[in-house]
Amino acid sequence: MCGRRQAAVFLKRQELLEPFGITQYSTDGWGAYERHIDTEQHHVGQENTQKIERKPLNLRTRIKR
């Protein structure tokens, strides 16, 4: 489910993710995130992105060999 970068789309996505028990959000500094996510749960930055993307990158590299 993708949509324009609007607060209504974010709120719908957040509602869909609620059953998974997500407790931390790493995002860019878009205003809707700051308005709708508690500051304890919200982190602005890409420090955690490498941890998430590393495994798929390794798999793609090995498949190409």
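For reference, positions follow the sequence shown, starting with 1. As a basis for the values below, the full set of heavy atoms in this structure was taken, side chains included, without hydrogen atoms, waters or symmetry mates.
Smallest separation of non-hydrogen atoms from I22 and Q24: CG2-O, 3.5 Å. Among all heavy-atom pairs drawn from G45 and S26, the shortest one is O-CB, 4.1 Å.
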| request: Walk me through it: do K12 and V9 pass the test side-chain contact (heavy atoms from CB on, under 4.5 Å)? | output: CA-CA 5 Å; K12 186 156 184 128; V9 174; 5.8 Å; no
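Legend: salt bridge (Lys or Arg N to Asp or Glu O under 4.0 Å) pairs involving residues 31-42, not counting sequence neighbours: none detected.
No donor-acceptor contact under 3.5 angstrom links the side chains of N58 and R62, judged on distance only.
Residue Q41 qualifies as enclosed at atom CD: its count of foreign heavy atoms under 6.0 Å is above 12.
Every residue two or more places apart in sequence or in another chain was checked for a side-chain hydrogen bond (donor to acceptor under 3.5 Å, both in side chains) with H36, and none qualifies. Residues passing the ring pair (Phe, Tyr, Trp, His ring centres under 6.0 Å) test with Y33 are F10, W30, sequence neighbours excluded.
Summarising the geometry, atom CZ belonging to R13 is positioned 11.0 Å from atom CG belonging to L11; distances are rounded to the nearest 0.5 Å.
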